[in-house]
Every structure is written in structure tokens, then in C-alpha cells.
Chemist: 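Let me give you the structure first, and then I'll get to my questions.
Being a predicted model, the structure only gives us computed values, none of them experimental. Quick note on labels: first sequence line is chain A, next is B, and so on, each numbered from 1.
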Amino acid sequence: MNKIKLGFFVVLGFMFVITVSQNTYAQEAKTLKIGAVFALTGPAAAGIKDCMDGVQAAADWINKKGGITVKGQQYLIEVVPEDNKSAPDGIVAAANKLVYKDEVKFIVGPVVPGLSMAMTPITEKAKVLRCKVNGTGNKAEMKPGMLYTFSTFMEIQYVRSVYDYFVKSYPNAKKIAITGPDEPGGQAMVAVAKKEAEAHGLKVVFSELYPFGTQDFYPMLTKAMAQKPDVFDLGVGIAPWYAGIIKQARELGFTGPMFAPSATGNIYLIPMLAGKDFSYDIFFLDADLKSPKMPSIVKEARQQVSNKFGVDLTFGHGAGWESLWCLVQAIEAAQSLDTIKVAKVWEKMKSIETLYGEGTMSGLKDFGINHVVLKPRPLSRLEKGEIEFIKFISP
Amino acid sequence: MLLQTKNIKVHFATAEVIKGINVEVATKGVVSIIGSNGAGKSTFLKAITGSVSLHSGEIWFLRKNINALPVHEIIKLGIALVPEGRRPFPYMSVLANLKLGAYLQKDKRIINRALADIFDRFPILWKRRKQQAGTLSGGEQQMLVIGRALMSMPKIILMDEPSLGLAPIVIEELVSIIKDINRDEIGVLLVEQNANMVTQVSERGYVMEMGKIVLKGDIKKLMAHDVVQRAFLGT
Amino acid sequence: MSLSDKKKSKGLRYGGAILFLFSIPLIVRGQYTLHILIMAAMNIILASSLRLVASSGQLSMAHGGMMTIGAYTSALLVMKLGISSWAALPLAGLAAAALALLVGFPFVRIKGIYFAMVTVFLAEMITLTAEHWRSLTGGSSGVVNIPPPDPLVIPGLISIDFPTKTEFYYFILVLMLVTLLFLYAIERSRIGLTLISIQQTELLSESVGVNTSRFKVLAFCIGCFFAGIVGSFYSQYINVITPRSFEFFFAIYIIVYMIVGGIKKFSGPIYGAFILTIFPEFIRALKEFQPFIFAGLLMLAIFFLPDGLVDLRRQWDKFYEKRFNRA
Amino acid sequence: MITQSILNGLVLGGIYILVALGLTLILSIMGIVQLAHGEVYMLGAYAMYYLCVHAGLNFLLAILISAFLVGGLGVLLEKYFFRPFRGKMERALIISIGLILLLQNAVLVIAGGTPRAFASPFSGMISVLGVTLSLERLIVISVAFGLVLVLFFLIKMTKVGQAMVAISQDREVAALQGINIDRISSIAMFLGCAFAAVSGALVGALFSVSPFMGGFALMKGIAVIILGGMGSILGAVLGGLLLGLIDGVVPVYSTTHMAGLIGFGFIILILLFKPQGMLGREFE
């Protein structure tokens, strides 16, 4: 019996070994595989699946326009989607698969800073060029020495401009309460926001990080309200958190302005989740993507996404879209598929196209490495439950 | 014949616990099964009530084969079990315990009449009716579970070592209770280790060893037999 | 076949298996495959050590929390105090075992579902502490840039570095074999027999005079020791650790490996952890549909293999016999 | 501030009690930890979303229908998934983990990951003595205590309730009284799941609805019944209120992490002295 058990074990082992080692697809000359890692299952999947769809839509759009041309050779993009299962061990397995089994040289994703951190050692070691989507600006996310990690944007770079806008629009506000989720990104944002608030003459009367996934903000808000703030900075987050804070703060009697120097993931959700009556005097670095004021490229992206997935373009789609698009522009600028060369060219690019206009490379000042795309971002207000686009702002 | 088992066998995993038992119980006369610890007595009773499933054999009750019936259907036919170690519902009142005994009875009047009857029979339970069953003394608990069994107005009561852990005086009382019950046309199948008690209540009996019936017949004769002498009376 | 022959062939088979395990990196060049095998070996240690705790009748859900303890202990020792990673490894295990010892005696008084839940709360408290104590642990950002193991130097002979997964594979393989050997020895010793008797008849063994709580705590401590060790290994291998690296579901999966593999046999958790770690890799292509298949597998195993995957062959034989001997 | 935070604590307690009621019912009658109970609660919230937003039904009618639908699902779950594993904690655990994966991801695939919301008709604020509370939250507390009363009545006054109590104390002997264990388990599962659906519906209206909302509910629900004592409704009420107060008050004076630490620490401490929870019963 033991013999058979052992045999079973060995056969299973071999089966596994053969299946996973023997799958180097014969690479077609004109295909460039680009890995995409996002949460498709698990708690993070809720807001982030859109990013994966955005990457796919962008790949179709780029391929339709002729793909990437490097030294006269045309390449069509093949996206290799991987699920990070919303967990550190999930993303490590996914990264190892992309890097060592699929042998991709370029990866886009993920969104959640904690997951991104778990992946960085693998891609850096293998010299795989990775363009992460979003990012807040925690020191662990982006720092000197991370030669192959780029980001489509870092929220902390926009905090100053948002405060500029705020102080100009609300000259009477004096006391501010700052909150954010307790995760690497939230921490970084709150730290920067505190500094900027003081630099703009505001008094920080309250600041706290709420645990990831909080639904009931009453305890935190009760404490904040006792300090009688004039305004709330909601930090970084996703729509349900923002909406929860907005609704509950309004319930507790807060009528002043609230804003976040960050996107919501899906701004249409805010009035839906918080209630139209409560959605007033609020602004975000987010956009009504259906607005006619959006650049033509947004309209194209909207068309592409709705053709492929039958849904309306969300900010998540856009973020995914931009990550692939920026990466592709860098490859074309470098005219090489060698990640070292691409990285070197990318960090010196003066101009890079994004959904909301022309951007440039930055980051040397904030992170010590020029690996972040700096670009205009839309600023929108919620008034009477309606979203209205204000303007594009650049840091 | 009230209850009859025909060559029943029970297996636990791969072990044969009950190895083909034939037992007959009539309404008249208490029938006893005596056997030492681990002889399979409790398992045998559980097989009758359907709590453990048969490997083979047949159980007939009132000329009906009850092999495949679930527990609650078997109880409905008129079999009641007084389980080993008494086991009242410890965190319920005495009254609630008794009412649960009549769970299958829908008519409130009948339930009340039965209750009155039980309190008649066991005045101590009336005194304790509001007390949690777990706080009763061992003897009182034994009365309670017998009362609970009677509440279902059974045609036969199976008793699993009712004398276990009780004082001699209480056992005396138990003997007269069991005789009373049998006098009221309710069959009694008693499983015991206490040979003294068995001789007092029953005329007919079986001796069980290692899942098998080794002797049967008149209780006095059984008691005189070597096997029983050796196993129970310590001679 | 005589007894000694049997023993000899058994030894030969195990020797062969071990030789095979050691030669895998020579056959397999894929780093991804090695990564999955490393994870499988890790999970085997976790599930097997959890089985030791379970064999005293206590289902612990604190294994994830204990890994967190181990991972943080070793990472902070190495990074803040500059201790060699090879000293930090056992210290991480000891830290977890010490915590287990501290809470063990009061905990083992709590039985059944209550014990399982208390261990859940303990694990949750460990996570919350790591998030709360920012000055030491870095809070929710966790600890990053944890260095890989120091070079293993035998003066004048060799110096082993840890640049690729191959070295980590040998590291965890040796760790796994040593752990399994140790756990097997325990199972065969008086402690193991006592534990099993505790599980079977809790009251009886107490009356026989065995101090059951002492043995239960011992089992709990040993189990947690290995969880701490694996936590330390994980932090050196992945280089990043956060308070939520081993969340509730991580601990749950260790239990899944153990039970689905089969809790009754020593080999059960080994099969369970191995199969259930590599299986999800085969169904990656299904993306968001993966969980359906995985959940289906778990349920089928529980429905049809009450004694675990380890019992597959016996159950199949039984089914085969029933099906074809009747006809 | 202190009165406001105590009031918040009571609301949280109400939410915890709502989740715990069904869980404790299932745990005591089936003898299993139904880890997927949080997912049942999530399904209740989604049923509400579809009935309210897509079918345009009246809120109260929708709650009733979703309670029935989810309760019915509970009966199916009991029959096909849990019946073979009654009282077998370990194997039932795996089944419930499988169910978590199945239900969560089924909703994720079918309804998408976007959080949803539906409005309850109870809008408006109540303000007394400087303490404010939304009507929505007041409804949550009242429904929680209403359901507690319903369950109390059911258990004390009805035959089915008494049968449930009997089963929770001694399943084997309960069967010997002629109680059909399968049927009572079905009823218990129906009730437990219907309660979960109602709580999912109310809490969903308060916050938002997402495929992963069950995890939080489960953790708190389990904490409550372990603290209060398994199978004790009064214990669930007491445990829910205590944990609610801890979670409502402590963060105001310290941090949310501290509230978690104190809450769990408190449970562990209670268990050390009363290994069966506050109102749990010491079995032999």
C-alpha cells in the first residue's frame, strides 16, 4: 500500500513539475506579453476588478492602432491577467508565475500599496519593469534603488494643489480634521496632509486613521466633532468609505465642506451610497467621465470599455488604462524591449500622454527617484448629489 | 408478542458490537437483560429505538417491522426509553421536562391528565416542578425521567440501568415503581447490572455477554447459574 | 517478506523519496515551480504541526497569529539588533512557543468550539497589537526590506548565499524534513500516545493520573514553535511582512489542509497541504472562477472522504468492490 | 460626547445582536460553527438591493420577502450541506468555508464588485439633549430587541421552541421524546438565516452592500455568542451590548485598535473564569 501511495505522490509531483515547467508557449514574433496583476477574488476585488478590464480595453485600443513598434518591428500586446487573491501570498505566487513561468518582462498593477510592496522584491530582482496603478506615496512603495518600479501617479504630490484650491475657495475655514484608512497609503497621505494644512494656515484639530474596512464611523466622528472642525480632509480611500464618512458626519450634524486630495474609485457611487441630500459641498480629485468637458481621449476610452464590457467607464478602468498606456509609451520612446534601457529612457521622459492631458516624469524631489508620472487630474465637486467638473489641476 | 428482535447485529466501523440477538418482550411481566459493562446492552436498546442503525436482523413491534423507521416514528408507535445515566434536560424545569415527554401528544387535555397522573405517582416531582432538572438529586432525576417516559403513554418502556448510582432505599422504591408500571399494562424491558434488583422485579430474563445472549429463561434459575454467579455475585 | 526486509524496503523507499525531493532543483529550472514547492513545504510544516495540537483535542486557529509573532520577532531581531538570521530563526520559534506557554494553561481549560474561538481572538489581538504598536512594528505598513538569510558559512569549506529560489528550496526542505522527523518521533513517543488518549477519553485519562493540561500545553507550545519558525522563514523569503500577512483566512486554510488531508494519519496533513497548495496553480486560468472549483474540491473531499484525502485509495477500493463484485 | 458615544455603542450592540441571534440558534441546535453565516447575511442585503432598487418594492415588503428567500436557502443548506455533519465540528467547518468561497464569489461574479446601496424609508434625525441619532439607527436597535423578544416568545411558549431547547441540551434524548431532529434543524436554520437576512437588510441600508460585508459581521457575531455563552439568547443580548459599548466608547477616548484589543481581551478574560461564556452553561 505504501508503494502505491508513494507512487501516487511521485506521479502527482511529476505531473505538476511537467505542467508548470513545460509551458513556454512558442513566442510569436509579433506578440509582446504584458502581465497584469489585480485582485479578481477576495476583498480587494470589489473596487479593483475594473482596473483589469481597463488594461484589457487599453490593449485592444493600442493593438487596433497598430500595437507597439520597436525598431521597425511591430508588436501586438497580449495581456496575461493574474489574480492576486487580495492577499500577500497570493500576489507573491502570481508574481512568480508571471516572472518565471510566463517570463513576461513588463507588468502592470496592482493597486493596493500593501500588495504592491510584497511584489516589489520579486520584480526588482528579476529586472522586470512594472508600472503600478495609483499609489499614495508611502516610502516603502517608491524609493531610490527601486530601479524597475514605476507608477502612474502618487497621490501625495497633489495634496498641495488641492489645499491651494481649498484655501482660495473657503477663506473662512480655520480648523481641519484629517482622516484616512490605516494602511500604508493612508498613513502617508495623512502625514502629508497635516503638513500642507499647517502650511496653508489651517489648524489640525483632529487626525486619525480608521481600520481598513470600517463601516461605522460614528465613534471616530463623534470624537472629531467634539473638536468642532470647519472642514474634513478624507484622505485616501474608496467610495464606500468616503460615502460612509460623509453620510455619518452629516447625520451627526456636520454641514461644512469635505474633500479628499484623492480619487474615489467611482465617484458616481458617492451620492448613491451617502444619499443625495448629504452629498453637498464635497470635492475630490475625480471626474464625471461622462461630462462633455472631458478630453477626446476619455471619450475614446469610454467607447472602448463600453464596447468590450458593456459598462460605463469608471475611474478604475481609466487607472488601468493609463498604466498600460504609459508603459507602452516608454517602450516606444526607448525603442527597445530591454527593461534596463526602457527604465533609463522612461525616467527622463519630459512628455507622456495621459487620459487628462500631457504629463511628465517626476518623483525625484518626493521619492528620490524619477519614476512617477505627473499629470493633470480632474477636480470635481458634489453639489445636491450632482457631480460637476471644476478643472484639471497639476501639482 | 409486544416486542421481538430477530437476530439483530450492529456494527461500529468494522467492529461487531451486537452479534445477533433474539429477545422477546410481552406486555405482562418485566423482562430483564443482565450483563456486565461493555456487553452491548445500551447499544442493543439504542438499536431498538433506532438511534443506532442495524447491520442486519429485524425488529418487530406490535406486529410491525420497525427496522427502517427514524427515531421519532418509533417513539410515536409507543416505545419509550429511559436512558442510561438518567439524562433529564438539565437546564429546563421539571415541568418542562415532563411536557417534552408528551411532545407528540397534541391534545392539551390529555397532556394535563397525564401530568396529573405523573404527579400522583411521584409527589416529589410536584414539589420540585419549577426547579431546574439538573439540580435534583439522583433519585429524583430517576423519577423525573421515568415520569417523562410515561408522559408519552408508551406501550413499552425500555430502561437502561436505572439503579446506577442510587442508594439502596431508592432502588427499593424503583422496584415498586417498575412493578406498578407493568401492572398498568405497559411492557417493561429492563437492562441492569444489579442482579438483586432484577430478581425482585422480573420473572424472565436474558444474560448478555460480549454482544451475545448466553443464557435465557426463568430469572431465579438464571441467577443460580454459574455464569451469573461468577460475573455478578462475585463467587 | 520478513519484518526486517519490510523495514529495509520502507527505508529504501523513504530514502528514494528524499533523494527525489533533493534532486528536484536539478530537474526543474523554473523558479515559479520552486516557489510553489517552497510554499507547499511551508504549508506542510504548518499543517503537520497544527495536527500535533489537534491531536490533543484542541483545534487551534492561532497558527496565523503565531506566524506573525515569529515573522516580526525574527525581522526585528535581524534588522534592529543585527542578530544573525540563523539565530533569529529558532528565537522566532521560541517567541511563539513562549506566548503559547503564557496563554496555554488558562486556555486549555476552555474546551471545544470555545477553545477554537479563543485562539481566533488571540490571533486577532496579535494583529491589532502589531498595527497599534507603530514605534516597534511600523504599524499597518509592516516591515519591508527584510534581508534574506545570512550566508551559511562553514569556515574553510563553503559559503552558501541565498540569491535564488533554489537555496530557499533546500532551506525549507531541510526544515520540513527535520520538522516531520521530530513530529513523527513525538507521535511515536509516550507524549504522542498520551495525547491521543487525552483526545479519546478526556475524563478517563485524568482519572488515570495523567496531568492532561500539561500535555495539552506542551502540544500547543510545540505546534506554535514551528509556526513561529515558518513565520521567520516566510519573512526572510518574501522580505515583507505586515500585520495582516497571515490573516484569519490564512489560519483557516492551514486547518483546511489538515482536515481535508486527513487528521487521523500522520501523512494526512502532508498530502492535504501539498495537494491543496499546488492545486490552485493548475486552475489559475479560470481567474474569478477559481474559488468555485477549489470550494467544490473541498466539499467533495469532505463528503466522500471522511478520513481525508489520505483515505482516497481505501475508499476507492471499497467503492470498486461494491460496484463490481455485486454485478 | 460620552452620552453620544454610549448611544453609538447601543446601536453597534443592536447590530451585533442581530447577527448573533441566528448564529447562536444554529450553533446550539446543529452543533456546528456556521462560518458562512456572514455570507447568508450578505445575501439578505443583496436580496434587499434587488427587491428595492430593481423590482421597486416597498422596503418592509422587501424585508419580508428577502427573509423568506434567504430562510428558504437556509433550509436547503441545512438539508444538503450540514445535515450529514451535525455535531461534527471539524468537517462542518470545512463545508462552511467552502460555502463562504462559493457564495462570496457567486455574488462577486453575478452582481459585480461595485458596492450597492438602497435607501430605507426611515430618514431623518432625532436630536435629544445634544445627542443625535438617525431614525435608521433607531430602527436597527428596535428591530434587534424586537427580534430578541420574538425569539424569546418562540422558545418559551411554543412546542417547537421547547424542542429546540431540548435539542441544544441533549440531542439524543430529545430524539427519544419523539422530536424530529431533522425538521427542527430545518426550522432553526430557516429562522437563523431569516434573522441574518433581516440584519443584512437593515445594516445594508445603514452602510453599503458588498460581496465581502459578511466577514466583519461573522467575526463580531461569533465574539458576541462566545462572550455571552453559546445557546443563550440573553447571553447574546448581554454580549452584544457589552461589545457594542466597548466598540462605541473606547475609540472615542483611545483608538479603534484599542477597542479591538480591549474587546477581545475582555472575552478571553471572561472565558478564563467562565469557560462557557457569561451565561453559558457548564456541561459535564
Side-chain angles (χ1 to χ4, degrees), chain B residues 42-43 45-46 48-52 69-93 95-108 111 132-135 141 144-154 156-160, chain D residues 24-25 27-29 31 78-79 83-84 86-88 91 152-188 228-236 274 276-284:
Chain B
S42 295
T43 311
L45 292 189
K46 282 180 183 168
I48 295 175
T49 58
S51 307
V52 299
L69 295 182
V71 183
H72 60 100
E73 303 253 331
I74 292 175
I75 303 300
K76 205 174 190 171
L77 290 175
I79 296 181
L81 176 77
V82 175
E84 185 182 5
R86 302 185 279 278
R87 289 164 82 174
F89 297 112
Y91 308 107
M92 289 174 111
S93 70
L95 192 63
N97 260 280
L98 290 175
K99 278 187 177 165
L100 269 171
Y103 181 78
L104 292 170
Q105 183 56 256
K106 291 209 168 61
D107 192 334
K108 274 239 166 82
I111 296 177
Q132 274 209 343
T135 63
Q141 285 190 7
L144 173 59
V145 290
I146 292 174
R148 185 177 67 188
L150 288 172
M151 281 298 287
S152 66
M153 281 166 273
I156 186 170
I157 288 191
L158 319 176
M159 291 195 188
D160 197 349
Chain D
T24 194
L25 203 61
L27 186 57
S28 50
I29 288 166
E78 194 276 331
K79 188 163 181 198
R83 188 167 291 177
R86 263 200 305 253
K88 291 172 186 147
R91 291 170 64 201
F152 236 85
F153 168 80
L154 213 77
I155 280 183
K156 290 283 173 208
M157 301 298 179
T158 68
K159 231 171 181 179
V160 170
Q162 285 291 292
M164 287 180 182
V165 179
I167 292 174
S168 77
Q169 293 181 12
D170 193 330
R171 184 177 297 125
E172 200 181 328
V173 175
L176 289 171
Q177 311 312 315
I179 294 170
N180 183 344
I181 308 265
D182 290 347
R183 209 179 115 244
I184 300 292
S185 294
S186 278
I187 295 174
M230 218 162 89
S232 163
I233 295 164
L234 214 60
K274 290 212 67 184
Q276 305 286 325
M278 285 192 299
L279 295 180
R281 298 157 310 204
E282 186 97 38
F283 284 97
E284 302 153 76

Chemist: Where on B:P70 is there a heavy atom nearer than 4.5 Å to chain D: the side chain, the backbone, both, or neither?
Modeler: neither
Chemist: Specify which of D:A174, D:A166, D:A175 makes the most heavy-atom pairs with chain B at under 4.5 Å.
Modeler: D:A166
Chemist: Can you name the nearest heavy-atom pair linking D:G178 to B:Y103, along with the distance?
Modeler: O-CD2, 3.7 Å
Chemist: Rounded to the nearest 0.5 Å, how far does CG of D:L176 lie from CZ of B:R148?
Modeler: 8.0 Å
Chemist: Is B:K46 in contact with chain D via its backbone, its side chain, both, or neither, using a 4.5 Å heavy-atom distance?
Modeler: side chain
Chemist: Flag the pair D:E172 / B:R87 as yes when at least one side-chain heavy-atom distance between them is below 4.5 Å, and no otherwise.
Modeler: yes
Chemist: Going by heavy atoms in the side chains, are B:L100 and D:V165 under 4.5 Å from each other?
Modeler: no
Chemist: Under 4.5 Å from any heavy atom of chain D, what part of B:S152 do you find: side chain, backbone, both or neither?
Modeler: neither
Chemist: Which residues in residues 155-162 of chain D have any heavy atom lying under 4.5 Å from a heavy atom of chain B?
Modeler: D:K159, D:Q162
Chemist: Using non-hydrogen atoms only, which part of B:A102 is less than 4.5 Å away from chain D: side chain, backbone, both, or neither?
Modeler: backbone
Chemist: If you take all heavy atoms of B:L104 and D:Q177, which pair is closest and at what distance?
Modeler: CG-O, 4.2 Å
